[in-house]
Asker: 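Here it is, the structure, as structure tokens.
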Amino acid sequence: MDLPVYFISDTHLMLEASEQEKARRAKLFGFLRHVRSTGGTLFIVGDIFDYYFEYKDVIPKIYFDFFHELYLVKNAGIDIHYVLGNHDYWVMDFITEDLTTHTYFEDMSINVNGKSFYITHGDGHLSWDYGYRLLKAVIQSKPFIWLYRWVHPNIGYMFGNWISKRGKHYDHDETYNKKILDDLKIFASKLTENGTDFVICGHYHQATVEDVGPGKLVILGDWLTFFTYGVFDGNEFSIQKWDENA
Ligand SMILES: [Mn+2]
């Protein structure tokens, strides 16, 4: 795998092109151009879109500028690994064949330069999330997706937009963030005690690298308030804040 390996998650590209959204995208495209200029490998760790649902012959045009920038990264010969999130799970061959090199519908493990990584978007791993895990099993099931695909795309996206507007509470208070972090450390410790060096996740809208047993737990932050990405140079992993002037 080509180094450095970049990790990004939770850009939550929105279905409405407000000025704020355009500015956010400009930053993201700056980052993608940076990846293109250094070379390496790119991991997208889920929720790149706030809502994405692909049909056999239909893709959403609101993301065209992003599709274009990502396509340039791929065309530069950079492998793009996409671990799907809970907002962008419903992909088809446009994402899996045209825009990325590898797409993962589940958590995945991979060895990079002698270090082992466990990479997950992160949703569904909290110990108390029983109801969510059941909902996830249903909305990511083949029968549900088959049925939903027969709903007209206008209605599908109207619903997506409604869900996306309802779910915009990504800033949690410190007590809740700590509770989540403690629980994720328990999840990660089971992996690090069995030889995983890095457990990488997104989803929780925190940016941190934590020692967990002999390994590390990484939460990548997001591109709503943090503008962070992970980078592994072959030895060390760090979280960086994107600085467009650097
Ligand atoms: Mn998520």
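Order of listing sets the numbers, starting from 1, for every ligand and every atom in it. Hydrogens, waters and symmetry mates are skipped; everything else that's a heavy atom, side chains included, is used.
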Asker: Indicate the ring-plane relationship of His12 and His205, choosing parallel, tilted or perpendicular according to the 30° and 60° boundaries.
Answerer: tilted
Asker: Would you find a donor on one side and an acceptor on the other, under 3.5 Å apart, between the side chain of Arg133 and the backbone of Trp128?
Answerer: no
Asker: For the Mn ion (ligand 1), give me the closest N/O/S atom belonging to Asp47, just the atom name.
Answerer: OD2
Asker: Say whether Ser238 and Gln240, considering side chains only, have a donor N or O and an acceptor N or O under 3.5 Å apart.
Answerer: yes
Asker: Which label fits His34 and Tyr6: parallel for a plane angle under 30°, tilted from 30 to 60°, or perpendicular past 60°?
Answerer: perpendicular
Asker: With respect to the Mn ion (ligand 1), what is the nearest N, O or S atom of His203?
Answerer: ND1
Asker: Quick check on the Mn ion (ligand 1): does Ser9 put an N/O/S atom closer than 2.8 Å to it?
Answerer: no
Asker: With respect to the Mn ion (ligand 1), please indicate if His121 possesses an N, O or S atom at a distance under 2.8 Å.
Answerer: yes
